[in-house]
Amino acid sequence: DIPLPLGTNRIIFRATSGWGNNLYLDNIKVDEAPLCPTPVNLTTSTISTDSAVVQWLNTSNSYEIEFGIHPYYFTGVANITNINTNSFVFQNLSHSTKYDYRVKSICGSNLTSNWSTTSSFTTNCSSNNFIYENFDNLTLASMPICWTAINSHTSSGFVGVHNTFWPLSYPFHLILW
């Protein structure tokens with residue numbers, strides 16, 4: 001931190017190279033440091049079928065989180081408040097589900113940061129992951145979470161989503177053998 005005197009201040013950029021004193025800059029913006037810094041470096045760890053731990057970097061004493069199932073359309077209203085550490089354990093989540101979240105700092109009465117960038121995580125698959133699918137609108141690229149499409153013959157059989165002329169569920173079906 002460099003304290004600057006009140007009034008007009010100048011920032012000087014200097015560059016020297018073997019090709020002369022050429023320096024090109026564009027769209028430079030200088031702002032005051034925010035009074036309430038935005039949380040950064042959101043990470044997720046210890047993900048299970050129904051919980052996940054999220055952390056972030058910041059030095060505030062209190063935080064709020066807004067989260068929901070992906071794609072979540074953020075409203076700007078926190079649905080988790082009064083967090084007093086820079087981590088949080090989401091609990092009672094649905095398995096095999098992607099969630100979006102963001103965090104903001106609460107630095108005092110009427111003083112909050114901007115919302116952080118959005119981060120996401122996906123809960124683990126359940127061992128009894130049931131799916132009902134007639135495969136009519138399914139492609140290999142759009143297989144549900146926790147399903148794997150193997151589009152080739154293997155020693156254990158063939159699994160794939162096929163467009164077929166066979167008299168099965170038109171236009172697609174799943175073959176397992």
Side-chain angles (χ1 to χ4, degrees), residues 1-17 21-133 137-139 141-147:
D1 292 325
I2 302 172
L4 298 174
L6 292 176
T8 302
N9 293 285
R10 292 184 176 90
I11 298 174
I12 299 171
F13 297 92
R14 182 183 304 186
T16 304
S17 72
N21 293 329
N22 296 320
L23 176 67
Y24 302 97
L25 302 172
D26 193 10
N27 299 327
I28 296 174
K29 181 179 179 183
V30 178
D31 280 329
E32 291 184 52
L35 297 175
C36 189
T38 302
V40 295
N41 296 343
L42 278 66
T43 58
T44 309
S45 64
T46 319
I47 300 172
S48 73
T49 56
D50 65 353
S51 66
V53 177
V54 295
Q55 306 92 19
W56 54 89
L57 294 178
N58 197 287
T59 57
S60 179
N61 293 326
S62 184
Y63 304 93
E64 293 182 344
I65 296 176
E66 183 178 9
F67 89 107
I69 294 174
H70 177 83
Y72 184 71
Y73 301 100
F74 293 101
T75 64
V77 177
N79 42 19
I80 301 171
T81 60
N82 300 316
I83 303 166
N84 297 315
T85 181
N86 64 337
S87 66
F88 182 78
V89 180
F90 288 104
Q91 297 178 341
N92 301 315
L93 302 174
S94 297
H95 64 83
S96 316
T97 305
K98 185 174 182 178
Y99 292 89
D100 296 333
Y101 70 98
R102 63 185 188 167
V103 182
K104 76 174 176 178
S105 301
I106 310 298
C107 297
S109 180
N110 298 320
L111 183 58
T112 64
S113 73
N114 292 325
W115 284 103
S116 68
T117 57
T118 299
S119 192
S120 300
F121 63 88
T122 302
T123 52
N124 292 340
C125 300
S126 171
S127 60
N128 60 353
N129 217 29
F130 177 77
I131 182 172
Y132 172 79
E133 178 63 63
N137 296 312
L138 191 66
T139 65
S142 67
M143 291 293 286
I145 292 174
C146 300
W147 281 58

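All residue numbers in this chain count up from 1 along the given sequence.
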Could you pull out the closest heavy-atom pair between [X] and [Y], with the gap in Å?
X: Glu64; Y: Ile106; answer: CD-CD1, 3.7 Å
X: Thr85; Y: Trp56; answer: O-CZ2, 3.5 Å
X: Ala52; Y: Ile47; answer: CB-CG1, 4.1 Å
X: Ser62; Y: Ser60; answer: O-OG, 3.1 Å

Practice task
Quick one: do Asp100 and Ser120 satisfy side chain to side chain donor-acceptor pair (under 3.5 Å)? Show the steps, please.
Solution key: CA-CA 4 Å; Asp100 296 333; Ser120 300; 2.6 Å; yes

Inter-residue atom distance [X].[atom1] - [Y].[atom2], 0.5 Å rounding:
X: Lys104; Y: Thr38; atom1: NZ; atom2: OG1; result: 10.5 Å
X: Tyr63; Y: Thr81; atom1: OH; atom2: OG1; result: 15.0 Å
X: Leu35; Y: Ser105; atom1: CG; atom2: OG; result: 12.0 Å
X: Ile65; Y: Arg102; atom1: CD1; atom2: CZ; result: 12.0 Å
X: Thr118; Y: Phe67; atom1: OG1; atom2: CZ; result: 14.0 Å
X: Cys107; Y: Asn58; atom1: SG; atom2: CG; result: 6.5 Å

Exercise for the section: State which residues pass ring-ring contact (aromatic ring centres under 6.0 Å, His included) with Tyr99; sequence neighbours excluded, sorted by chain then number. Expected result: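 Tyr99 satisfies ring-ring contact (aromatic ring centres under 6.0 Å, His included) with Phe121 once adjacent residues are dropped.
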
So do the side chains of [X] and [Y] get within less than 4.5 Å of each other, counting heavy atoms only?
X: Tyr101; Y: Leu42; value: yes
X: Thr49; Y: Thr123; value: no
X: Cys125; Y: Ser96; value: yes
X: Phe74; Y: Trp115; value: no

Problem - Thr59: partners by side-chain contact (heavy atoms from CB on, under 4.5 Å), with sequence neighbours left out - result: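 Counting only residues at least two positions away or on another chain, Thr59 forms no side-chain contact (heavy atoms from CB on, under 4.5 Å).
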
Practice task
Could you tell me whether a side-chain N or O of Glu66 sits under 3.5 Å from a main-chain N or O of Gly76, the two making a donor and an acceptor?
Solution key: yes

